[in-house]
Number of protein chains: 2
Amino acid sequence: MLQDTLSFATPDCSGCPIRHRAVCARCDGDELARLEEIKYYRSFEAGQTVIWSGDRMDFVGSVVSGIATLTQTMEDGRTQMVGLLLPSDFVGRPGRDGAAYDVVATSDLVMCCFRKKPFEQMMETTPHIAQRLLQMTLDELDAAREWMLVLGRKTAREKIASLLAIIGRRNASIQSVSVADRVVFDLPLTREAMADYLGLTLETVSRQVSALKKDGVIELQGKRHVTVPDFSRLLEEAGDDQDGGLLV
Amino acid sequence: MLQDTLSFATPDCSGCPIRHRAVCARCDGDELARLEEIKYYRSFEAGQTVIWSGDRMDFVGSVVSGIATLTQTMEDGRTQMVGLLLPSDFVGRPGRDGAAYDVVATSDLVMCCFRKKPFEQMMETTPHIAQRLLQMTLDELDAAREWMLVLGRKTAREKIASLLAIIGRRNASIQSVSVADRVVFDLPLTREAMADYLGLTLETVSRQVSALKKDGVIELQGKRHVTVPDFSRLLEEAGDDQDGGLLV
DNA sequence: CGACGGCTTGACTTCCGTCAAAGACCGTGG
DNA sequence: CCACGGTCTTTGACGGAAGTCAAGCCGTCG
């Protein structure tokens with residue numbers, strides 16, 4: 001698997017799997033060529049920390065494949081996930097030197113990186129990049145606010161259902177399948193990571209997953225493979241209105 | 001008070017109190033002149049709803065004076081505040097027609113509005129606007145993520161302390177006073193609004209405010225006027241590291 | 001004055017966290 | 001091959017933080 005991902009080292013954007021969704025989505029051939037000059041790939045193994053909070057960041061970049069998490073940690077060890085980074089998501093903040101969060105590879109991960117200074121210069125001269133980045137940042141802001149409602153007001157059961165709904169819906173959108181009724185996917189997160197995302201303990205996550213299973217809202221094959229027989233039922237459990245604020 | 005705010009109706013940007021901090025901050029004289037052509041002021045009284053979630057939005061704009069809140073509501077009435085809008089903050093999302101949240105004026109409020117279509121066109125042609133909006137959106141995203149940690153992982157007492165610290169720090173920054181030790185400010189929110197911000201009930205907010213007062217972390221004159229005798233003590237109570245991630 | 005909204009305080013309940021033990025699964029090495 | 005350790009997960013018993021329900025206080029405004 002890691003071998004596969006390393007093969008991205010050939011630096012040709014035109015065949016890139018995230019070409020049409022990443023920060024470079026709006027760039028034309030010329031602009032892409034200039035980006036190619038300052039880009040490079042980096043691979044990380046599952047579990048590796050990509051960036052430590054507080055560290056100086058000399059690059060920004062996009063997730064090409066794999067999954068990473070964005071987390072904050074308090075001195076006493078309490079941690080809260082503040083973002084889930086999927087292919088095409090952008091990492092780093094132009095105009096800031098220090099990293100504000102830990103970025104950890106949850107699966108094997110490949111990133112397309114740009115040295116920060118040249119990237120910032122390109123942003124000045126290439127509106128297409130800044131425009132796309134604004135769009136992506138606004139989407140992330142919406143997602144963060146959506147999540148604030150989950151964290152602040154939902155019960156443990158609703159939180160689990162919300163997370164499953166988000167993952168299920170996203171999987172469906174990647175495969176361009178409608179979320180009619182039956183939805184099947186693999187959880188990309190451990191119970192502990194789910195807990196960190198949801199502001200719960202891993203025990204509570206485990207209990208509520210079991211409860212949803214017992215009540216027939218979901219079916220489990222193994223620990224990670226999930227089947228949702230009736231997606232609208234899951235949305236009800238999540239406390240979302242029926243079609244759940246059609247996200248991206 | 002409302003009379004005062006209405007006097008902003010004179011449309012001259014150069015004397016605008018948020019000139020250097022709003023979405024127009026980077027604009028030069030020319031650009032400002034073009035913005036003036038499409039701008040208009042609107043006033044709202046305390047308690048009025050500025051925008052209803054789901055409504056079509058035909059304008060975007062900046063808060064000139066006063067305070068507004070951004071909230072989400074579930075069908076059963078549970079509500080979560082997802083943003084606090086202060087002078088210079090931007091409302092609305094270019095490129096989207098429907099409002100995602102309720103916007104409510106907490107105090108009397110004046111907004112500088114732009115019709116959406118012309119504003120979007122100006123964004124295309126005026127990099128300074130898009131650049132500034134990106135910067136502001138990234139700041140908001142950071143604030144939202146900061147708040148996710150508060151909502152997901154902090155205790156009720158820590159939540160209250162965190163809110164007081166944020167308000168106190170911001171007040172200090174507006175007045176360009178250092179947050180050395182003694183900090184004094186008025187709470188711009190009711191107990192219920194604080195609860196909606198913090199993911200608590202208003203009773204719990206009331207209890208924890210009383211507890212912080214009893215323990216000497218804060219002093220109260222009336223219900224809303226707060227004195228913090230030792231700001232670093234407040235930060236400790238908030239669970240922040242000593243200088244609390246120097247925000248804006 | 002009385003009525004109202006905002007706030008406080010008390011008594012009780014409950015959801016979820018804590019602590020603890022043990023099961024499932026996997027790869028390693030004897 | 002199976003024993004072993006490690007990680008991830010489940011489940012139970014218990015306790016505590018915060019929610020719920022209810023009563024009453026304070027300041028303001030008609």
Check ring pair (Phe, Tyr, Trp, His ring centres under 6.0 Å) between Tyr101(B) and all other residues, then give those that pass, not counting sequence neighbours. none
Taking CZ from Arg191(B) and P from dC26(D), how many angstroms apart are they, rounded to a whole number? 15 Å
Using a strict 4.0 Å threshold on nitrogen-to-oxygen distance, state whether Arg207(A) and Glu203(A) make a salt bridge. no
Applying side-chain hydrogen bond (donor to acceptor under 3.5 Å, both in side chains) to Arg96(A) and not counting sequence neighbours gives Asp142(B)
Touch check for Ser206(A), heavy atoms < 4.0 angstrom, all strands: base, sugar-phosphate only, or nothing? base
In numerical order, the residues of residues 209-220 of chain B whose heavy atoms come under 4.0 Å of DNA chain D are none
Test of understanding: with side-chain hydrogen bond (donor to acceptor under 3.5 Å, both in side chains), list the residues that count as partners of Thr204(A), not counting sequence neighbours. Thr201(A)
Would you kindly give the CD-to-C1' distance between Gln208(A) and dG12(D), to the nearest whole Å? 15 Å
Using residues 46-63 of chain A as the side-chain source, report each donor-acceptor pair under 3.5 Å to any protein atom, sequence neighbours left out, with the distance given to one decimal.
residue, atom, partner, partner atom, Å
Gln48(A), OE1, Glu45(A), N, 2.6
Ser53(A), OG, Ala100(A), O, 3.2

Pick out the pairs of N or O atoms, protein on one side and nucleotides 21-23 of chain D on the other, that lie under 3.5 Å.
residue, atom, partner, partner atom, Å
dC21(D), N4, Glu203(B), OE2, 3.2

Would one find a side-chain N or O of Thr204(B) under 4.0 angstrom from OP1 or OP2 of dG19(D)? yes
Throw together a table of side-chain donor-acceptor distances under 3.5 angstrom for residues 211-221 of chain A, partners on residues two or more places apart or in other chains.
residue, atom, partner, partner atom, Å
Asp215(A), OD2, Arg157(A), NH2, 2.2
Gln221(A), OE1, Thr227(A), OG1, 3.2

Evaluate side-chain hydrogen bond (donor to acceptor under 3.5 Å, both in side chains) for Asp230(B) paired with Ser232(B), printing each intermediate quantity in order. CA-CA 6 Å; Asp230(B) 177 0; Ser232(B) 67; 2.9 Å; yes
Among Leu163(A), Thr190(A), Ile160(A), exactly one meets side-chain contact (heavy atoms from CB on, under 4.5 Å) together with Val205(A). Which residue is that? Ile160(A)
What range of DNA chain C does chain A touch, first nucleotide to last, counting atoms under 4.0 Å from its heavy atoms? dC16(C) to dC19(C)
Name all residues meeting the side-chain hydrogen bond (donor to acceptor under 3.5 Å, both in side chains) criterion together with Thr79(B); count only those two or more places apart in sequence or in a different chain, and write none if there are none. Asp196(B)
Name all residues meeting the ring pair (Phe, Tyr, Trp, His ring centres under 6.0 Å) criterion together with Phe185(A); count only those two or more places apart in sequence or in a different chain, and write none if there are none. none
Name every residue in residues 152-161 of chain A that has at least one heavy atom under 4.0 Å from any atom of DNA chain C, in order of residue number, or write none if there are no such residues. Thr155(A), Ala156(A)
Do side-chain atoms of Asn171(A) reach the backbone of Gly168(A) as a donor and acceptor pair under 3.5 angstrom? no
Charged N to carboxylate O below 4.0 Å: is that the case for Lys154(B) and Asp240(B)? yes
Kindly write out the residues that satisfy side-chain hydrogen bond (donor to acceptor under 3.5 Å, both in side chains) with Glu158(A), not counting sequence neighbours, or none if the list is empty. Thr155(A), Arg78(B)
Using a cut-off of 4.0 Å on non-hydrogen atoms, how would the nucleic acid contact of Gly199(A) be classed: base, sugar-phosphate, or nothing? sugar-phosphate
If I take atom CD in residue Glu192(A) and atom C1' in nucleotide dT7(D), what distance separates them, rounded to the nearest angstrom? 11 Å
With a 4.0 Å cut-off on heavy atoms, is Leu200(A) in touch with a base, just the backbone sugar-phosphate, or nothing at all? sugar-phosphate
